[in-house]
Amino acid sequence: MSITIENTDTLPVEPEPGRRKLSTAKAVSEAIAQQMQQDENVFVMGEDVGSYGGIFSATTGLLDEFGPDRVLDTPISETAFIGLGIGAAVEGLRPVVELMFVDFFGVCMDQIYNHMAKIHYESGGNVRVPMVLMAATGGGYSDGAQHSQSLWGTFAHLPGMKVVVPSNPYDAKGLMTAAIRSDDPVVYLFHKGVMGLGWMKKNPRSIGAVPTEAYEVPIGKARVAREGTDVTIVTLSLSVHHSLDVAEKLAEEGISVEVIDLRSLVPLDRDAILESVRKTGRLVVVDEDYQSFGVTGEVIASVVEREPGVLTHVSRVAVPDVPLPYARELEYAVLPTPARIEAAVREAVAK
Amino acid sequence: MSITIENTDTLPVEPEPGRRKLSTAKAVSEAIAQQMQQDENVFVMGEDVGSYGGIFSATTGLLDEFGPDRVLDTPISETAFIGLGIGAAVEGLRPVVELMFVDFFGVCMDQIYNHMAKIHYESGGNVRVPMVLMAATGGGYSDGAQHSQSLWGTFAHLPGMKVVVPSNPYDAKGLMTAAIRSDDPVVYLFHKGVMGLGWMKKNPRSIGAVPTEAYEVPIGKARVAREGTDVTIVTLSLSVHHSLDVAEKLAEEGISVEVIDLRSLVPLDRDAILESVRKTGRLVVVDEDYQSFGVTGEVIASVVEREPGVLTHVSRVAVPDVPLPYARELEYAVLPTPARIEAAVREAVAK
Amino acid sequence: MADTSGLTAQSRRDLLSMMILIRTYEEAILREYHADKSPGFDIGAGLVPGEMHLSAGQEPVAAGIGAHLREGDALTATHRPHHVAIAHGVDLRRMTAEIFGREDGLGRGRGGHMHLFDPDRHFSCSGIIAEGLPPALGQAFALRRAGTDGVAVAVTGEGAANQGAFHESLNLAALWKLPVVFVVEDNDWGISVPRSASTSVPSNAARAAAYGIPGVRVEDNAVEAVHAAVGAAVARARAGEGPSLIEVHTLRLWGHFEGDAQGYRPDLEGAPGRDPIPTYVAALVADGVLTEADVALIRTGAAERVEDAIAFAKASPVPSPDDALKYVFTEGIPA
Amino acid sequence: MADTSGLTAQSRRDLLSMMILIRTYEEAILREYHADKSPGFDIGAGLVPGEMHLSAGQEPVAAGIGAHLREGDALTATHRPHHVAIAHGVDLRRMTAEIFGREDGLGRGRGGHMHLFDPDRHFSCSGIIAEGLPPALGQAFALRRAGTDGVAVAVTGEGAANQGAFHESLNLAALWKLPVVFVVEDNDWGISVPRSASTSVPSNAARAAAYGIPGVRVEDNAVEAVHAAVGAAVARARAGEGPSLIEVHTLRLWGHFEGDAQGYRPDLEGAPGRDPIPTYVAALVADGVLTEADVALIRTGAAERVEDAIAFAKASPVPSPDDALKYVFTEGIPA
Ligand SMILES: Cc1ncc(C[n+]2csc(CCOP(=O)(O)OP(=O)(O)O)c2C)c(N)n1
Ligand SMILES: Cc1ncc(C[n+]2csc(CCOP(=O)(O)OP(=O)(O)O)c2C)c(N)n1
Ligand SMILES: [Mg+2]
Ligand SMILES: [Mg+2]
């Protein structure tokens with residue numbers, strides 16, 4: 001009942017005419033539902049994942065279909081219930097645990113990075129922790145400094161967990177399917193702005209064609225979201241949408257932008273990045289996480305440590321090491337907006 | 001009663017003949033004691049900081065001198081007592097709070113990164129949090145995956161806190177003095193291996209000349225620990241010692257290595273790094289934190305985003321994205337040992 | 001409600017006035033919040049964007065606390081902070097300007113509705129569950145160290161009482177006998193999760209025994225009972241006898257946040273009848289403490305203050321994007 | 001100690017044998033640990049490097065728990081795990097090989113003494129205070145879901161009972177009626193911090209009330225009292241009635257970790273006299289359960305098993321540095 005569609009690694013995810021379209025949120029919950037149907041060891045746990053269906057609709061409908069024994073609302077005790085997930089996974093269950101906002105990792109990080117991520121290694125491979133930890137990320141709707149962060153760089157820095165970051169419905173379903181089936185702990189971070197929620201401004205790409213059947217998008221494989229020859233944008237999550245918008249706009253002026261959607265941070269598809277910049281020589285890394293000591297630095301270093309001379313231009317468009325401000329005017333001054341991305345691309349090609 | 005010795009920014013910290021030598025641990029506790037003498041708002045709090053004097057001796061003697069009202073042993077409740085420190089700092093006190101091992105950040109990170117680090121910004125500068133959070137880092141003595149991490153990259157990634165990482169007694173005292181006097185929250189990370197502890201293997205540089213009077217080492221300024229012309233090693237903490245050892249050894253073969261001791265990660269002294277690599281063209285970044293999405297990437301990106309062509313060679317010697325193994329043979333295979341550093345420098349100059 | 005309170009008529013009027021001021025404020029924010037988010041609710045749109053957690057129905061908690069606090073006392077609140085902020089005397093204009101994201105806001109627009117900091121009132125809040133408690137300990141510690149008899153009140157929800165920070169804070173406060181009053185607002189819900197699905201005991205007052213401190217539960221959202229319980233706890237704290245825990249069974253009249261359809265909520269039907277304000281008005285009128293006309297006057301006065309604050313907020317300048325990086329660190333910012 | 005235990009002679013002999021085995025083990029590790037760290041103690045040197053937390057004096061807790069656990073039951077331990085690991089039947093040879101950092105170790109030398117994982121015994125431990133509790137909930141959850149009457153025991157120290165994870169775990173276990181037994185080892189100290197400086201109540205049993213579950217405190221480090229308390233709690237858990245909390249007042253005979261000079265410790269003088277093993281030996285001999293000669297035999301048997309394990313460990317290969325990156329993820333590792 002499962003297919004792996006490999007060719008999406010290098011092709012844009014475009015709805016084919018007549019194919020079913022889903023929001024990213026629906027794609028996520030469909031992936032979970034299908035895995036729950038196929039494997040009774042899969043269960044879902046978190047705050048408001050039951051009758052509410054998840055604050056960002058990642059678990060909508062699951063309670064009705066699978067009942068309260070497999071879709072469990074928890075107290076606001078992230079350490080306890082993530083740890084419960086770990087213990088359950090160790091015993092062979094396959095929990096999908098939601099941490100409502102990634103910003104809350106600070107109350108439960110020990111379970112995540114010292115336990116979920118390390119048990120397999122510490123046990124010399126004798127104990128597996130097949131668990132998915134999913135969380136909402138990102139800003140852009142004035143939710144303030146404690147509810148708008150991306151933070152994927154923090155998770156990617158700490159070894160032992162895979163980290164995936166889908167940007168669209170197709171990848172969201174395929175990565176969730178792969179994550180649940182994986183024997184490794186996977187951190188699954190979805191940006192609220194790619195979920196296609198009715199109550200939030202959304203990019204049209206947050207609703208797209210999604211196959212009905214279960215399929216996997218391979219963890220650790222980037223996708224060439226758009227081919228181009230002048231500049232490479234390496235990016236992820238909502239910033240993929242912005243980058244594609246910018247690429248489309250600049251194409252009219254004859255500027256050819258290649259957009260790489262990383263999709264996974266761990267493992268990081270360093271080959272795909274290098275391949276693209278070999279062609280363009282110019283790299284713009286776009287990231288909604290904080291700029292320093294994070295994704296942007298890693299992407300750049302990955303290139304130059306392998307081929308120091310390959311880049312003639314490199315720049316970053318990220319959140320400049322400031323807490324996310326509340327006021328819209330301030331928040332949009334620090335987010336990687338299309339305007340900032342466009343300026344960076346123009347600067348890159350000007351050289 | 002305070003002097004700022006600026007010239008140490010570019011000179012190795014060498015004991016002058018006849019000058020008093022201290023271990024790094026003693027230098028830290030002396031800095032705290034002097035600030036406690038000068039400012040009654042300074043107090044110390046943490047697990048085993050009192051009669052035990054700190055597991056890594058950072059607070060030895062303070063209880064005797066200042067009594068239990070100013071040197072407080074806490075329950076094992078990091079969230080509560082770090083948060084207590086924040087509230088006290090908001091009210092104008094100047095807490096120095098010890099988190100015993102940096103590895104324990106996962107039980108209390110929310111107070112650290114969502115509160116200590118963000119209150120000043122969220123309040124539009126109206127509320128200050130003049131607090132020092134210090135913690136021990138690092139491995140090399142088989143303490144396993146949960147007690148051997150460096151993790152400074154994680155703190156440096158998250159905005160709103162300064163992050164300092166001394167490598168020697170002189171800087172340790174001066175940075176602690178600066179940290180306590182700072183109106184910003186400062187995370188002060190000392191590697192156990194630089195403390196000069198009697199019960200741990202130590203590099204001779206962990207005991208050195210320290211002025212008696214209070215002085216500040218400026219936060220945000222790197223130090224040229226050794227001048228050289230062929231290769232630049234950018235590093236920090238215990239790895240500075242290893243790098244200097246390697247540089248000394250290779251000097252005999254005519255390989256001239258410049259060693260930059262970052263001392264601060266936030267702010268990062270990007271100018272000092274660039275200045276050095278402009279001279280050498282070759283960069284080896286050495287870090288005991290995990291390799292990916294951390295310090296090494298940031299250092300490299302900082303250079304190439306400003307001058308893409310300046311580097312003819314770049315490499316990293318860090319912990320390769322694996323939990324720290326217990327067995328000595330495995331742990332030393334992943335730590336940035338002198339042997340690995342030496343190999344990287346040789347490779348750099350071979351090109 | 002017979003007058004068994006031992007309160008003066010003035011105190012009772014003050015409690016009611018505060019409750020009315022708070023409700024008036026929340027109604028005004030509700031109005032402003034939804035004014036420009038349609039067609040189709042867009043959370044990020046309008047003059048007041050972002051999540052909005054309003055406190056209608058929980059006024060008795062705020063009024064009961066506020067009556068006991070004085071200059072220098074501290075208070076920490078949650079993601080649902082307006083009622084306690086107002087009762088604690090946070091500047092209404094600057095608080096409103098902050099909610100509107102303006103330069104004259106408490107945080108110059110950087111913080112927003114979940115991040116209100118008023119150092120003059122030693123007031124703060126946090127958007128992270130239970131994480132406002134530990135800083136209250138530090139404020140209490142500082143107050144005691146300064147030789148004052150000041151207290152810190154830490155307010156939190158019943159959902160939050162299952163978070164680790166709750167336990168650690170109560171233990172440490174009890175151990176060090178800090179002048180803290182912990183107040184749990186039990187509004188039966190943590191977003192969509194009912195108390196029965198989050199809390200293993202019927203009353204958080206029972207948890208006080210785990211720290212050797214007094215614990216009481218106030219039923220029925222009764223402002224005078226809150227007033228009495230907080231009064232005793234504050235007196236105890238001022239006297240150096242340490243912390244107390246109070247749980248108030250209150251009522252979330254509206255959604256968890258604005259936009260919450262509350263489909264999960266069977267108890268909504270009877271909710272309006274349990275609104276604490278009409279109840280208290282009726283009691284005070286029955287007791288002859290004031291007349292309906294007095295109440296109308298109170299309402300008018302409240303509306304004036306609230307609309308003044310909103311006008312102030314709207315007139316305040318929007319922060320300049322050029323200043324987005326200001327205030328990360330203190331450099332260059334006068335103390 | 002009169003025989004009011006209701007235990008069979010065999011059970012009592014088993015309890016003693018287990019205690020002796022544990023002590024023999026810890027003494028052997030003590031010996032090996034210090035054998036090659038001089039001159040001048042170097043924590044990273046020798047065949048057994050790193051921190052070493054030994055459990056001498058706390059054997060009654062382990063023996064009392066272990067007697068009730070059977071195939072399939074789970075146990076999570078702390079940074080001080082040897083005694084409960086042994087009592088739970090973790091393979092002595094592979095555990096020892098892990099402590100020596102060898103390929104035949106439970107974690108192939110990757111884990112070390114604070115990170116022992118034995119999936120056959122559903123045993124694990126954690127070096128982070130109180131963080132071993134939440135995974136025990138998950139094991140209990142899985143056991144119940146599998147339709148068994150298995151239980152999970154979560155052991156922790158009295159210092160750890162002030163950590164947030166303790167509170168969250170007890171609440172969640174109580175709420176979901178999970179088959180968990182929480183055992184707090186109160187050895188009076190959290191490193192150098194006495195219980196009085198960490199815990200606001202004299203007994204953690206009092207904290208059970210905060211979760212509506214049974215709580216008992218066993219005084220005097222008495223193995224048979226531990227046995228009785230754990231027996232009741234395990235039976236309750238197996239019967240589907242939910243978790244219990246047991247605190248045992250035990251004794252840390254040695255330092256927090258090896259190398260700890262314990263200068264902070266005024267209670268050390270009387271400690272040897274409170275050693276639970278001679279006390280229990282005397283009681284069983286007095287009760288005619290066994291003779292001094294039987295005890296000598298038990299000791300010999302224990303020594304043989306322990307020395308066999310140590311020999312096994314020493315003979316096991318050191319891991320190859322080339323394999324340092326193996327086991328981060330499951331790829332290429334057969335399930
Ligand atoms: C650590 C953490 N987990 C989850 C959340 C998301 N969250 C915000 S409010 C809330 C419910 C809080 O319930 P309660 O404490 O009862 O307060 P109330 O909203 O009822 O006032 C949740 C789960 C959060 N802010 N912080
Ligand atoms: C979260 C966390 N904080 C601090 C420590 C350091 N630490 C290790 S053991 C210990 C004392 C533990 O005391 P207790 O729980 O009573 O157990 P005991 O050592 O007495 O067996 C401390 C503070 C830790 N491992 N984890
Ligand atoms: Mg509530
Ligand atoms: Mg103890």
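A, B, ... follow the sequence lines: proteins, then strands. Residue 1 opens every chain.
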>> Need one label for B/Ile55: side chain, backbone, both or neither, based on atoms under 4.5 Å from any heavy atom in chain D.
In response: side chain
> Any idea which of D/Gly101, D/Ala324, D/Gly109 has the most non-hydrogen atom pairs under 4.5 angstrom with chain B?
Replying inline: D/Gly109
>> Ignoring hydrogens, what is the shortest heavy-atom contact between B/Ala327 and D/Pro319? Give both atom names and the distance.
In response: CB-CG, 4.0 Å
Between chain D and chain B, which N or O donor and acceptor atoms come closer than 3.5 Å?
| residue | atom | partner | partner atom | Å |
| --- | --- | --- | --- | --- |
| D/Ile43 | N | B/Trp199 | O | 2.9 |
| D/Gly44 | O | B/Arg328 | NE | 3.4 |
| D/Gly44 | O | B/Arg328 | NH2 | 3.0 |
| D/Gly46 | O | B/Arg328 | NH2 | 2.5 |
| D/Pro49 | O | B/Tyr326 | OH | 3.4 |
| D/Gly50 | N | B/Tyr141 | O | 3.2 |
| D/Glu51 | N | B/Asp143 | OD1 | 3.4 |
| D/Ile99 | O | B/Tyr326 | OH | 2.5 |
| D/Gly109 | O | B/Ala327 | N | 3.0 |
| D/Arg110 | O | B/Tyr326 | N | 3.1 |
| D/Gly127 | N | B/Gln146 | OE1 | 2.7 |
| D/Asn162 | O | B/Ser77 | OG | 2.7 |
| D/Gln163 | NE2 | B/Ile76 | O | 2.6 |
| D/Gln163 | NE2 | B/Glu78 | OE1 | 3.0 |
| D/Ser192 | N | B/Asp48 | OD1 | 2.8 |
| D/Ser192 | OG | B/Asp48 | OD1 | 2.6 |

>> Only pairs of heavy atoms separated by less than 4.5 Å count here; which of D/Phe257, D/Phe329, D/Phe166 has the most with chain B?
In response: D/Phe257
> Which region of B/Pro323, side chain (C-beta onward) or backbone (N, CA, C, O), has a non-hydrogen atom less than 4.5 Å from a non-hydrogen atom of chain D, or is it both or neither?
Replying inline: side chain
>> The criterion is side-chain contact (heavy atoms from CB on, under 4.5 Å); which residues satisfy it with D/Pro202, sequence neighbours excluded?
In response: none
> Tell me, side chain or backbone of D/Ile128 under 4.5 Å from chain B's heavy atoms, or both, or neither?
Replying inline: both
> Is it the side chain or the backbone of D/Ala45 that comes within 4.5 Å of chain B heavy atoms, both, or neither?
Replying inline: backbone
>> The criterion is side-chain contact (heavy atoms from CB on, under 4.5 Å); which residues satisfy it with D/Ala197, sequence neighbours excluded?
In response: D/Val193, D/Pro194
> If every non-hydrogen atom of B/Pro320 is compared with every non-hydrogen atom of D/Leu325, which pair is closest and at what distance?
Replying inline: CG-CD2, 3.6 Å
